[in-house]
Enquirer: 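Below are the structure tokens for one structure; questions will follow.
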Amino acid sequence: MTTPAPSPLNWRKATASQGSQGCVELAPLPGLIAVRDSKDPDGPTMFLARDAWRRLTEQANRGNLDL
């Protein structure tokens, strides 16, 4: 789901990604994780259920996604 982001959110980016391109930022919400492109902070925001975010990151960490 993509909608305008509510404000203000506490956006965070991984410290390992500082200075690199193509990063995402995350903001926790009750039951959700908000995700946005760090290069376009005023652009769209995607909201994922926390369990969907967990499954996505598990699959990415296992190398099961063609990223």
Side-chain angles (χ1 to χ4, degrees):
M1 165 191 320
T2 303
T3 61
S7 293
L9 292 176
N10 184 24
W11 292 103
R12 297 173 35 197
K13 186 165 68 168
T15 55
S17 67
Q18 298 301 325
S20 69
Q21 297 295 318
C23 298
V24 297
E25 294 176 315
L26 307 176
L29 293 164
L32 298 171
I33 299 293
V35 184
R36 72 178 180 185
D37 183 344
S38 65
K39 296 182 305 300
D40 187 14
D42 295 321
T45 300
M46 180 172 50
F47 298 89
L48 297 169
R50 287 178 179 261
D51 61 330
W53 175 254
R54 180 185 47 77
R55 287 191 309 270
L56 175 67
T57 57
E58 286 173 353
Q59 292 299 313
N61 288 330
R62 290 182 185 141
N64 293 337
L65 303 176
D66 184 18
L67 300 177

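On a predicted model such as this, the values are computed, not experimentally measured, just so you know.
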Enquirer: Looking at every non-hydrogen atom in both residues, tell me the closest pair between A27 and L9 and how far apart they are.
Expert: CB-CB, 3.8 Å
Enquirer: Below 4.5 Å, heavy atoms only, C-beta onward: do E58 and R54 meet side chain to side chain?
Expert: yes
Enquirer: If I take atom CD from residue Q59 and atom CZ from residue R55, how far apart are they, to the nearest 0.5 angstrom?
Expert: 9.5 Å
Enquirer: Could you give the distance from CG (L48) to CG (L29), rounded to the nearest 0.5 Å?
Expert: 11.0 Å
Enquirer: Measuring from atom CG of L26 to atom OG1 of T45, what distance do you get when rounded to the nearest 0.5 angstrom?
Expert: 11.0 Å
Enquirer: How long is the span from the CD atom in E25 to the CG atom in D40, to the nearest 0.5 Å?
Expert: 10.5 Å
Enquirer: Testing the basics here: between A34 and F47, what is the closest heavy-atom pair and its distance to 0.1 Å?
Expert: CB-CE2, 3.7 Å
Enquirer: Could you report the tightest heavy-atom contact between K13 and C23, atom names first, then the distance?
Expert: CD-CB, 3.7 Å
Enquirer: Quick check for you: to the nearest 0.5 Å, what is the distance between D51 atom CG and L56 atom CG?
Expert: 11.5 Å
Enquirer: Looking at P28 and R50, what are the two nearest heavy atoms and their distance?
Expert: CB-NH2, 3.4 Å
